[in-house]
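By convention here, the first residue in the shown sequence is residue 1.
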Amino acid sequence: MKVLMATMKMEIGGAETHILELAKALAAQGVDVTVVSAGGVYAQELTEAGVAHITAPLHTRRPDHVLRAAAILRRLIRDGGFDVVHAHARIPALLCHMLCRHYQVRFVTTAHLNFTVNFIWRLLTRWGERTVAVSDDIKQYLIDDYGVCADNISVTINGINTETFSPDIDPSGVLEEFGLSRDRHRVVCVSRMDTDRSEAAIQLAELAPRLYAYDPKIELLLVGDGNDFSRLRAAAEKANAEIGHPVVRLTGARVDINALIAAGDVFVGVSRAALEAMAAAKPVILAGNQGYLGVFKKDMFETAYESNFCCRGAEATSHELLYRDVTALLSMTDDERAALGRDCREVIFAHYSVARMARDYLDMYEAVRPYKPFRHGDFVFCGYYGFGNMGDDSLLRAIIANLRSEDPDVRLTVMSRHPAETANIYGTRAVNRFNPFAVISAMRHAKVLIFGGGNLLQDGSSARSLLYYTWILKMAKRCGCKIMVYANGIGPLHLEKSRRAAADALSQADIITLRERDSVQECEKLGVRCGRIRLTADPAFTLREADASWIAGICTRFGIVPEKRYFVVALRDWKKQAEERQAAMAHICDRIHEEYGLIPVFLPMHEPLDMEINSRVQAMCRCETVLLTGLTGSEMLGVLRRMEFVAAMRLHTLIYSTAVGTPSIGLAYDGKLRAFMQTTGQPYMLEEPEEEAFFAFAAEILEKRQTLSASLVEQVQTYRALAHRDAADALGLMKE
């Protein structure tokens with residue numbers, strides 16, 4: 001694999017060290033890595049590790065420099081044969097994005113910081129097909145401020161080289177260079193000394209006279225350079241003048257950070273520098289511009305991890321807090337400080353290895369491995385895509401993932417309501433489903449039409465929908481496409497002319513896979529003329545659940561806490577007797593809460609349509625409630641796993657809950673819900689929100705929860721195998 005990494009500079013800094021260690025680790029595993037940047041102190045170390053470094057002025061917005069950098073990147077991407085281009089900052093990302101689109105090279109990014117967002121930067125910032133965030137809160141920032149799909153963001157750690165940063169490092173050279181004595185108590189602070197990062201270092205310099213009065217053996221070693229260095233130097237000179245001799249030492253920018261940390265007894269700082277000090281077994285005070293957590297101890301790992309050890313959201317750093325904790329550590333014995341340091345190093349081994357960081361990136365590179373030159377597509381997808389329906393969107397994600405797991409080079413085009421958004425999220429080509437010229441062109445150049453999943457052929461919602469989808473099937477055949485009706489449900493078809501139209505359209509198909517026995521029987525009744533019809537399972541059963549730590553963060557954000565128990569209610573609008581049914585559902589929720597202490601969690605699966613009804617019933621409840629919004633299918637799986645049971649009018653809520661072993665009550669407003677509940681052997685179905693029947697179902701589910709869950713988990717393995725078989729059949733059809 002050949003990877004091109006682009007960043008602004010390779011000077012001292014957390015992001016730069018991250019890139020340095022990543023490039024070295026990947027190169028050690030046989031990846032051909034090239035780094036392009038404006039250069040810096042780490043460029044030589046990259047070269048010595050066998051990583052090529054190319055200089056380009058990517059560190060500035062000056063137009064002439066940007067044009068020169070673009071020319072260098074253009075030559076590299078055009079001629080370098082790279083499989084993946086990986087940008088680590090906004091200017092390189094913008095240039096690489098444009099060039100990768102032109103030369104059809106896969107493009108990914110890493111988000112190291114939560115940058116200031118304004119209209120211009122939001123317009124110019126480009127995130128890759130996949131993005132790695134170095135903490136959960138930066139992942140949330142990408143979702144909130146840029147609208148990046150959560151499923152396209154993975155989270156890694158700032159991997160620390162535990163040999164480079166070790167308690168065995170000899171600091172003699174640093175001590176000799178700065179005229180430092182071994183019998184001193186030394187506080188080391190490492191930071192980029194910019195206005196947005198230098199506060200802890202400056203406050204330490206200002207505190208030096210007080211700290212010296214407490215302990216005349218103290219020395220402060222402040223490491224780093226930046227646009228706020230002059231203010232730091234002024235504070236240091238003032239403190240040293242007041243004390244009468246140099247207690248505060250400034251080193252400026254350095255590359256021997258490991259030796260400087262080794263020279264200290266106590267470390268003050270945040271982010272990667274703090275993790276490096278922990279790897280060196282130093283007691284660490286977490287303090288920075290974004291907040292103050294104080295002396296790190298094992299029991300505060302989760303809190304520190306949430307902000308990537310940057311203290312975001314904590315109380316502000318202050319002179320008093322720093323004085324309190326520095327003096328507390330200095331008052332300890334050497335053995336007590338050493339014990340704190342050993343705990344810190346154990347945390348690094350457990351959570352921040354370079355090997356894990358490299359593995360996370362390799363997984364991302366494999367997910368976007370280079371495809372064949374992108375003309376049109378092997379497959380063109382037709383379904384209810386791009387409408388903000390979580391169920392249908394998760395179907396698309398699952399089908400694409402399953403096809404790519406069988407053949408990573410497969411070329412895909414999607415008919416979507418919002419083609420640009422769909423193309424960005426799924427890494428496919430997309431066309432507007434309502435543009436007949438674009439649709440026909442896509443089908444003429446494709447080999448196979450993937451029709452589905454979902455219940456596309458039905459007249460329950462509108463006759464126009466049925467007309468559209470039957471036209472697609474007939475036109476695909478005229479365009480020379482093979483057709484696979486992929487994991488569909490059939491119906492409801494109320495009108496005789498609808499049944500004839502559906503039968504005629506389905507007879508165009510080469511393969512039909514149906515997700516319920518009822519649909520198979522309906523095909524037989526319609527007299528569909530297709531020799532390859534079989535039972536399958538919904539593709540959503542193959543979705544991967546989001547990481548547990550990310551799910552925990554989602555639950556915390558919405559107020560779902562481990563100490564309480566919850567159940568999900570997923571409603572869609574009732575067409576008749578709406579007010580009476582809403583009131584009945586609210587009363588049921590209150591009674592469940594009163595009897596069992598369960599808190600209702602309302603889930604609008606198709607937010608544009610379902611938000612109003614769910615919010616209205618939630619407002620009618622007297623008990624505590626939660627409203628879940630904006631989740632992807634992968635996130636939904638993780639949340640539903642934590643629920644006691646689910647009551648849903650949306651099919652894919654029931655599918656998600658079944659996939660994670662959470663029992664369900666189906667509010668079966670139409671046949672597809674009843675068919676699914678029967679297929680999975682779940683007898684808890686209601687036509688109406690009838691209180692006594694609902695309560696009886698809930699009581700039985702809670703009593704048998706463990707047994708019911710185990711049965712569902714066992715079934716799911718079969719459903720997943722069936723869903724994966726659909727992808728294999730589709731590829732077989734393409735090869736025919």
What pair of heavy atoms forms the shortest contact from [X] to [Y], and how long is it?
X	Y	result
I157	D360	N-OD2, 4.4 Å
C479	R444	SG-CG, 3.6 Å
A476	L449	CB-CD2, 3.6 Å
E545	L637	CG-CB, 4.0 Å
S634	I551	O-CD1, 4.5 Å
T156	R356	CA-NH2, 4.3 Å

Salt-bridge test for [X] and [Y]: reply yes if a basic N is under 4.0 Å from a carboxylate O, no otherwise.
X	Y	result
E516	K672	no
R534	D726	yes
K2	D83	no
R572	D610	no
R532	E736	yes

For the side chain of [X] and the backbone of [Y], is there at least one donor-acceptor N/O pair under 3.5 Å apart?
X	Y	result
D518	A675	no
N435	A438	yes
N402	A398	yes
T34	L4	no
E607	G630	yes
Y486	A727	yes

Quick one: [atom1] on [X] to [atom2] on [Y], what's the gap to the nearest 0.5 Å?
X	Y	atom1	atom2	answer
D547	I153	CG	CD1	12.0 Å
S507	K474	OG	NZ	10.0 Å
W550	E635	CH2	CD	6.5 Å
M443	C481	CE	SG	6.5 Å
M1	Q29	CE	CD	11.0 Å
I138	Q140	CD1	CD	12.0 Å

Could you tell me if the side chain of [Y] sits less than 4.5 Å from the side chain of [X], heavy atoms only?
X	Y	result
L506	L457	yes
V639	L631	yes
N488	T513	no
L466	Q458	no
L603	R650	no
T632	S394	no
L26	L362	yes
D32	F82	no

For this session: Go through the steps for H418 and Y385 under the test side-chain contact (heavy atoms from CB on, under 4.5 Å), then give the verdict.
Result: CA-CA 8 Å; H418 293 103; Y385 305 135; over 6 Å; no
[X] and [Y]: side chain donor to acceptor below 3.5 Å:
X	Y	answer
N158	H112	no
S416	T422	yes
T680	T658	no
D137	S307	no

Problem set entry | Criterion side-chain contact (heavy atoms from CB on, under 4.5 Å) on V3 and M5, from CA distance to verdict | CA-CA 6 Å; V3 177; M5 293 189 192; 4.2 Å; yes
Problem set entry | Ring centroid separation H86 to Y365 under 6.0 Å | yes
Exercise. With L58, which of L95, V66, T7 fulfils side-chain contact (heavy atoms from CB on, under 4.5 Å)?
Worked result: L95
For this session: Quickly, which of L571, L673, L654 forms a side-chain contact (heavy atoms from CB on, under 4.5 Å) with L667? Name it, please.
Result: L571
Problem set entry | Residue that, paired with R515, satisfies side-chain hydrogen bond (donor to acceptor under 3.5 Å, both in side chains) out of T679, T536, N455 | N455
By side-chain contact (heavy atoms from CB on, under 4.5 Å) - contacts of [X] (at least two apart):
X	value
K477	I483, Q508, D510
S154	V132
A25	V354, A358
L94	M98, L124, R126

Problem set entry | salt bridge (charged side-chain N to carboxylate O under 4.0 Å, His left out) partner of D378, chosen from K735, R429, R411, K482 | R411
Classify the angle between the aromatic ring planes of [X] and [Y] as parallel (below 30°), tilted (30 to 60°) or perpendicular (above 60°).
X	Y	value
H88	Y361	tilted
F434	F387	perpendicular
Y468	W471	tilted

For this session: Begin from the C-alpha positions of D538 and H652 and carry the test side chain to side chain donor-acceptor pair (under 3.5 Å) through to its verdict.
Result: CA-CA 9 Å; D538 195 285; H652 277 91; 3.2 Å; yes
For [X], does the [atom1] atom sit with more than 12 other heavy atoms under 6.0 Å from it, leaving out its own atoms?
X	atom1	value
E612	CD	no
R78	CZ	yes
R557	CZ	yes

Problem set entry | Selection residues 129-152 - residue pairs positive for ring pair (Phe, Tyr, Trp, His ring centres under 6.0 Å), sequence neighbours left out | W127-Y146, Y141-Y146
Distance-only donor-acceptor pairs under 3.5 Å for side chains of residues 716-724, two or more places apart:
from: Y719; atom 1: OH; to: Q715; atom 2: OE1; distance (Å): 2.6
from: R720; atom 1: NE; to: F541; atom 2: O; distance (Å): 2.9

For this session: Go through the steps for I77 and C100 under the test side-chain contact (heavy atoms from CB on, under 4.5 Å), then give the verdict.
Result: CA-CA 7 Å; I77 294 171; C100 286; 4.3 Å; yes
